[in-house]
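Notes to accompany the following structure.
Sequence lines set the chain letters: A, B, ... in the order given, protein chains first and strands last, and positions in each chain run from 1. Values reported hereafter were calculated over all heavy atoms of this structure, with side chains retained and with hydrogens, waters and symmetry mates removed.
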Amino acid sequence: MNPQLLLDLQKFYPELALTAAFLCVIVADIAFPRIRKRLTFAIAALGLAVAFFLSLPLIGEPAGTIFSGSLALDEMAVFFKCFLIATSLLVLLAAPGSKELSQRHMGEFYMLLLGVTLSMLLLASSVDMLMLYLSLEMVSIGSYVMVGYLKNDRQSNEASLKYLLFGTVATGAMLYGITILYGLTGTTKIALLREALATNIATGENAAMLLIATALIVAGFGFKTAAVPFHFWCPDVYTGAPTPVTAFLSVAPKAAGFAILIRFFFTGFAESGSPGSWTAFSFIDWRLLIIVISVVTMTFGNIAALRQNNIKRLLAYSSIAHAGYILMGTVVLNSQGLQSVLIYLITYLFMNLGAFLIVIEIFNRTGSFDIDDYRGLSRRSPFLTIAMTIFMLSLMGIPPFAGFFGKLYVFGAAVNNDLAWFAVVGALNSVISVYYYARVIRAMIIEPGRETSLIPLPWTSHVMVWIMLLPTVGLMLFWNDIQQLTMSSLRLFLG
Amino acid sequence: MIGLGHFLVISAALFSLGIMCVLTRKNAVNVLMGVELILNSANINLVAFSKFSAGNMSGQIFAIFIIVIAAAEAAVALAIVLSMYRIIKSVDLDRADTLKG
Amino acid sequence: MDNNLLAQIVFYSFAVLTVGSAAVVVFSKSLIRSAFALLFTFFGVAALYAFLGADFLAAAQMVIYVGGILVLLLFGVMLTHKLYDLNLRSETFQFVPALVVAAAVFAVIVTFMLRTSWHTGPPASDAPTTAAIGELLMTDYILPFEAASILLLVAMIGAAMIVRRRSE
């Protein structure tokens with residue numbers, strides 16, 4: 001056996017732990033039919049927790065690649081490993097509390113969750129276009145099945161089919177773009193693209209072909225991050241999928257999509273100048289392309305959210321808008337912009353998962369996703385009302401909640417880098433968003449409802465809500481730590 | 001002499017036919033056929049570049065993985081289509097319309 | 001006859017077979033006819049691989065695409081229609097706009113592709129590729145190889161889970 005391979009495996013422990021848990025869940029599900037529900041849950045939770053703690057020692061490893069240049073190991077990769085595993089763990093803990101799922105056979109769900117998590121880890125650190133495409137498809141195929149998990153439910157099925165058809169076309173287009181890049185450079189390694197394109201840059205040759213390739217590849221990233229105009233699937237899929245899956249999709253694959261978008265463009269299509277800043281290749285203006293996508297995405301998301309009556313659909317459009325804000329951070333080509341992306345993702349994780357958690361709890365009791373059925377909730381469950389209000393205020397970006405700081409950093413990065421108009425567009429968008437988030441709050445607190453019976457909340461749900469609530473409220477107390485954590489996570493392997 | 005350009009034209013033709021198929025077909029299985037055309041066009045590109053332009057094997061290896069992915073995707077896709085058919089007795093995409101708003 | 005000319009004749013006939021049957025897939029009104037036309041497209045693409053010296057890939061294309069994926073698609077067609085219904089119509093919509101879009105895509109891609117100066121690396125050898133591919137899969141591409149096995153496992157269990165009839 002190649003000795004290098006053994007060394008690489010030692011830096012691969014988180015993924016190995018996830019693979020082991022993935023296989024154990026499959027075996028346990030078949031071998032112990034009596035206790036399989038609890039056993040598979042325990043194995044999945046343990047696997048994710050172990051993977052999380054195995055990721056931590058990787059901080060501080062020298063930046064480099066493993067497995068013959070397939071994956072990068074750098075601070076950014078470790079940050080996303082921890083982030084993605086944490087998201088999956090939170091969704092896993094919330095899943096048994098959802099009535100949509102809990103009456104079903106759960107073994108396959110845990111298996112899919114672990115498989116998709118593993119693929120996202122690979123995706124977020126891919127530095128080879130083959131690995132990138134393969135892991136992107138792994139994430140997608142796993143997600144199609146998760147969306148269609150309620151196989152007797154018509155909406156879940158339709159959502160799954162739409163997701164599948166849209167996803168295969170978008171990733172197929174992306175693949176075509178990747179093949180063009182391979183033809184132009186003769187390599188599939190992202191870090192080598194920059195070098196190989198150097199002669200093209202000097203002469204301005206092949207600019208049109210590169211632009212076509214870039215546009216096609218952006219289609220794939222746009223699909224994963226649900227950016228306009230590749231968002232069509234998003235509202236339908238988020239509405240039709242089981243709510244824990246919606247919560248998962250709205251955070252984890254999106255974050256992985258941003259991770260690979262940053263990695264791809266910053267290592268392949270930009271030159272690193274002074275420490276922590278990049279210059280985009282001038283003749284393919286991918287930066288302008290992403291600015292346009294960002295503005296259109298946030299504006300569309302916010303305006304479309306205004307007329308939604310279904311809470312899952314509302315949160316779907318809201319998540320499209322948030323993808324627009326996050327994209328703002330990526331076009332500022334320096335470490336400040338990248339840091340703002342990471343900070344935004346951390347805040348978004350807790351407030352968005354928190355909002356979906358409340359949606360799950362309310363659905364368990366009322367069986368409805370209609371915002372009109374949230375009327376009078378303040379009497380039926382003051383705790384859920386307060387928690388939901390805080391999540392909504394945080395999503396609006398109202399201080400002192402976490403969402404405010406995320407927006408502050410993203411807009412601040414734009415202003416500091418001569419994109420003040422861009423920040424103004426973002427701020428105007430936030431103002432629009434106040435309207436629809438406030439509608440949810442108004443329904444819960446002001447409008448009277450017909451039902452008045454109290455909503456009982458099991459202790460597990462209490463714990464879960466608190467887990468999301470505390471960071472949303474108290475993140476600012478640890479602001480220095482978060483700043484340092486994200487600051488030290490910025491290093492990208494550049495080849 | 002048959003060169004790179006010949007293969008690229010065939011691949012571009014398959015790619016645009018695939019796009020056409022995806023845009024016009026109502027039947028879900030038919031749309032999947034269009035997707036297979038797109039994947040095949042990308043594969044022709046990869047193999048042709050592998051021979052004429054890159055001069056290394058990575059294009060061919062990439063193509064093998066795409067065939068594997070296409071197989072996995074087709075299996076899941078057919079499962080979802082069949083499950084859909086069981087519920088609404090149709091695979092026409094305009095019958096999949098309960099998610100609107 | 002000249003060898004070169006013969007090669008050209010063979011190449012062009014496979015090119016016409018590939019693109020022509022792909023056109024049947026897209027424009028045919030009958031679903032079954034589309035599926036069988038796809039068979040010839042896959043076959044033509046395999047022949048093109050052989051032309052490019054990718055012998056292993058040509059075989060894989062025949063075995064997996066023709067033997068696996070196409071059969072799967074045919075099952076999809078048959079299981080979602082009544083078997084005695086020989087006239088499996090597949091309706092189309094937005095025909096003209098889509099035709100314009102597809103034609104534009106074709107024109108743009110071909111125009112720029114033929115003008116582009118592609119990378120030129122060392123000339124490829126004409127040696128059989130199977131051994132080299134096997135070695136690369138076990139060395140440089142070991143991680144994608146293992147990841148693909150996870151993908152197949154996820155796809156297999158996922159597909160079985162969705163179509164299993166018994167509801168819990």
Legend entry - Student check: side-chain heavy atoms of B/Met20 and C/Phe95 closer than 4.5 Å: yes
Inset, instruction - Considering only heavy atoms and a distance below 4.5 Å, find which of C/Met156, C/Met161, C/His119 pairs most often with chain B. - result: C/His119
Inset, instruction - Assess whether ring-ring contact (aromatic ring centres under 6.0 Å, His included) is satisfied between C/Trp118 and B/Phe49, documenting all intermediate values. - result: CA-CA 9 Å; C/Trp118 298 98; B/Phe49 286 138; 4.6 Å; yes
Legend entry - Proximity breakdown for C/Leu52 and chain B, heavy-atom pairs closer than 4.5 Å: both
Legend entry - Contact winner vs chain C - B/Val81, B/Val22, B/Leu32, B/Leu37, heavy-atom pairs under 4.5 Å: B/Leu37
Legend entry - Leading residue by heavy atom contact count with chain C [cutoff under 4.5 Å; candidates B/Ile64, B/Asn40, B/Leu4]: B/Asn40
Legend entry - Segment of B/Asn56 engaging chain C (4.5 angstrom heavy-atom cut-off): neither
Inset, instruction - Mark yes when over 12 heavy atoms from residues, nucleotides or ligands other than C/Phe14 sit less than 6.0 Å from its CZ; otherwise mark no. - result: no
Inset, instruction - Verify the ring-centre separation between C/Phe11 and B/Phe7: is it less than 6.0 angstrom? - result: yes
Legend entry - Residue pair C/Thr41 / C/Ser21, side-chain donor-acceptor N/O under 3.5 Å: yes
Inset, instruction - Name the region of C/Leu38, side chain, backbone, both or neither, that has any atom closer than 4.5 Å to a heavy atom of chain B. - result: side chain
Inset, instruction - Please check if atom CD in C/Gln8 has more than 12 non-hydrogen atoms from other residues, nucleotides or ligands closer than 6.0 Å. - result: yes
Inset, instruction - Considering only heavy atoms and a distance below 4.5 Å, find which of B/Ser50, B/Ser41, B/Ala72, B/Gly18 pairs most often with chain C. - result: B/Ala72
Inset, instruction - Select one option (side chain, backbone, both, neither) describing which atoms of C/Val101 are under 4.5 Å from chain B's heavy atoms. - result: side chain
Legend entry - Contact check, side chains of B/Val9 and C/Leu114, non-hydrogen atoms, under 4.5 Å: yes
Legend entry - Among B/Ile44, B/Ile69, B/Ile19, residue most engaged with chain C (heavy-atom pairs, under 4.5 Å): B/Ile44
Legend entry - Contact class of C/Thr116 relative to chain B, heavy atoms under 4.5 angstrom: neither
Legend entry - Which atoms of C/Ala104 approach chain B - backbone, side chain, both or neither, heavy atom under 4.5 Å: neither
Legend entry - Flag side-chain contact, heavy atom, 4.5 Å: B/Arg25 against C/Ser34: yes
Inset, instruction - Flag yes if more than 12 heavy atoms outside C/Phe145 fall under 6.0 Å of its CZ atom; otherwise flag no. - result: no
Inset, instruction - Go through the atoms of B/Ala28 and report whether side chain, backbone, both or neither lie under 4.5 Å from a heavy atom of chain C. - result: neither
Inset, instruction - Using a 4.5 Å cut-off on heavy atoms from C-beta on, say whether the side chain of C/Leu39 contacts that of C/Tyr65. - result: no
Legend entry - Contacting moiety of B/Ile61, where chain C heavy atoms sit under 4.5 Å: side chain
Inset, instruction - Let me know if C/Phe27 has heavy atoms under 4.5 Å from chain B in its side chain, its backbone, both or neither. - result: both
Legend entry - C/Val45 and B/Ile10, any side-chain heavy atoms less than 4.5 Å apart: no
Legend entry - Heavy-atom side-chain contact between C/Val25 and B/Leu17 under 4.5 Å: no
Inset, instruction - Tell me, out of B/Lys51, B/Glu73, B/Met57, who's got the most heavy-atom pairs with chain C below 4.5 Å. - result: B/Lys51
Legend entry - Under 4.5 Å from a heavy atom of chain B, the part of C/Leu73 involved: both
Inset, instruction - Among C/Leu70, C/Asp140, C/Thr120, C/Ile133, single out the residue with the greatest number of heavy-atom pairs under 4.5 Å to chain B. - result: C/Ile133
Legend entry - Which of C/Leu57, C/Ile64, C/Val110, C/Ile109 touches chain B most, by non-hydrogen pairs under 4.5 Å: C/Leu57
Legend entry - chain B contacts, top residue of C/Thr129, C/Asn4, C/Thr18 (heavy-atom pairs, under 4.5 Å): C/Thr129
